[in-house]
Amino acid sequence: VIGVTGTNGKTTTATSLYHLFEFLGYPSGLLSTIRIKIHQQTLEATHTTPDAIMINRMLAQMVDEGCSYVFMEVSSHALAQHRTSGLHFAGGIFTNLTRDHLDYHPNFLSYLQVKKSFFDALPSDAFALTNLEDRNGEIMLQNCKARCYTYSSRGMADFEATVVEQHSNGMAILFGGLEVWTNLTGRFNVLNLLAVYAAAILLGMEQDQVLLALSRLTPVEGRLETVLLGGGRTAFVDYAHTPDALENVLKTLVELRVEGSRIITVFGAGGDRDRGKRPIMGSTVCQFSDLVILTSDNPRTEDPERI
């Protein structure tokens, strides 16, 4: 069982690992925000990380189906509520940490400490893989008993990647000195793919096979999905719901835009959730867009006009 935790990138990393190991011939399981996969069987997900009883029920079914690997998103809510307690993780991956869920956690420090508790609990025979580009990346490894590794696309780390070229339909990336074309785009996805690559190598997979499988991966649903509209127009669908995620997506579009084109952003913020991030999200969208359309995004019990 490999756990992926962080604010952004969990779904792409966990889902990509699932598909990569399936491509390599290993029946695998997935517990993620979008869906649950039991080898070839698909179930709709209701939570990023299910409750403890559901997790163990799903794991039992995965064992029955012959799955040898399971990749799961581990949310801060799940850690705070001990939903993953008792599970033996063979590895943990940290993606990043930015403002989110402060309607649930008292403050950012509490949010960070909950994330760190996942790595504190890893056994000595597991691996801990952290993103060095995040200022909290090294904090996750403090007092960690597991074998610790780092990844980065901007500096020295145990696992490194370099973007060779970037287009709206993919990127050419150097992993360990070998170039591979991927169907994902956006510099933030370089880190997601690097985490996938590193985890696969740490789990004993051959580099050439891993790179071949990486080239077959496609964008995860709602993660910078490209929709060609014709007439020189392209739509991108992304579920970004934090200031940092919005900035990463929009910066990518700014890099990809052709001269004379406009970036029109349609977005909203959910109701009954962290209100402090809303003005930051609004400012970020206005900074990188030519036209902004504000709309409802699951207002729950809150007045959309107030949001």
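- In the hydrophobic clustering, Ile53 connects to no other residue, as no ILVMFWY side-chain heavy atoms lie under 4.5 Å from its own.
- Residues meeting the side chain to side chain donor-acceptor pair (under 3.5 Å) test with Thr42, sequence neighbours left out: Lys37.
- No more than 12 heavy atoms of other residues, nucleotides or ligands lie within 6.0 Å of CZ in Arg262, so this atom counts as exposed by the packing criterion.
- Side chains of Tyr111 and Thr7: a donor on one and an acceptor on the other come within 3.5 Å.
- The list of salt bridge (charged side-chain N to carboxylate O under 4.0 Å, His left out) pairs with a residue in residues 108-119, not counting sequence neighbours, reads Lys116-Asp120.
- Residues Asn169 and Thr185 have side chains not in contact (no heavy-atom distance under 4.5 Å, counting atoms from C-beta outward).
- Residue Val164 belongs to a hydrophobic cluster whose other members are Leu174, with links defined by side-chain heavy atoms closer than 4.5 Å.
- The ring pair (Phe, Tyr, Trp, His ring centres under 6.0 Å) search around Phe71 returns Phe21, not counting sequence neighbours.
- No side-chain N or O of Ser75 forms a donor-acceptor pair with one of Thr48 less than 3.5 Å apart.
- Shown here is Phe23, whose CZ atom has more than 12 heavy atoms of other residues, nucleotides or ligands within 6.0 Å.
- Residue pairs meeting the ring-ring contact (aromatic ring centres under 6.0 Å, His included) criterion with at least one partner in residues 188-238, sequence neighbours excluded, are Phe175-Tyr197.
- Residues meeting the ring pair (Phe, Tyr, Trp, His ring centres under 6.0 Å) test with Phe89, sequence neighbours left out: Phe118.
- We find that Glu302 and Arg273 are not joined by a salt bridge, their nearest charged nitrogen and carboxylate oxygen being 4.0 Å or further apart.
- Using a distance-only test at 3.5 Å, with no hydrogens or angles considered, a donor-acceptor pair links the side chain of Asp134 to the main chain of Leu97.
- Between Ser289 and the choices Val254, Leu253, Leu250, the side chain to side chain contact (heavy atoms under 4.5 Å, CB included) rule is met once, by Leu250.
- For the residue pair Asn183 and Thr218, no side-chain donor N or O sits within less than 3.5 Å of a side-chain acceptor on the partner.
- Within the structure, salt bridge (charged side-chain N to carboxylate O under 4.0 Å, His left out) contacts touching residues 151-178 (residues at least two apart or in different chains) are Glu133-Arg154.
- Judged purely by distance below 3.5 Å, without hydrogens or angles, the side chains of Asn189 and Asn192 pair a donor atom with an acceptor atom.
- Side-chain contact between Val190 and Thr182: absent, with no pair of heavy atoms (C-beta onward) separated by less than 4.5 Å.
- Inter-residue side-chain proximity for Leu191 and Asn131 is flagged as met; some heavy-atom pair is nearer than 4.5 Å.
- Gln41 and Glu65 share no donor-acceptor pair across their side chains, judged by distance under 3.5 Å alone.
- The 12-atom threshold is exceeded at CD of Gln207, counting heavy atoms of other residues, nucleotides or ligands nearer than 6.0 Å.
- Side-chain contact between Val292 and Val266 is absent, with no heavy-atom pair separated by less than 4.5 Å.
- For the 3.5 Å distance criterion, the side chains of Glu73 and Thr5 fail to qualify, holding no donor opposite an acceptor.
- Other cluster members for Trp181: none, since no ILVMFWY side-chain heavy atom sits under 4.5 Å from it.
- Under the 4.5 angstrom side-chain criterion for Ile, Leu, Val, Met, Phe, Trp and Tyr, Met156 has no cluster partners at all.
- Atom CD of Glu138 has 12 or fewer heavy atoms from other residues, nucleotides or ligands within 6.0 Å.
- Using a 4.5 Å cut-off on side-chain heavy atoms (C-beta onward), Val74 and Met72 make contact.
- Residue pairs meeting the salt bridge (charged side-chain N to carboxylate O under 4.0 Å, His left out) criterion with at least one partner in residues 213-235, sequence neighbours excluded, are Arg35-Glu221.
- Using modelled atom types and a 3.5 Å distance limit, the side chains of Thr130 and Thr150 yield no donor-acceptor pair.
- Note on Asp290 versus Arg257: salt bridge recorded, some NZ/NE/NH1/NH2 to OD/OE distance being below 4.0 Å.
- Listed by first then second residue, pairs satisfying ring-ring contact (aromatic ring centres under 6.0 Å, His included) with a partner in residues 132-155 number zero, not counting sequence neighbours.
- A side-chain N or O of Gln40 and one of Glu22 form a donor-acceptor pair less than 3.5 Å apart.
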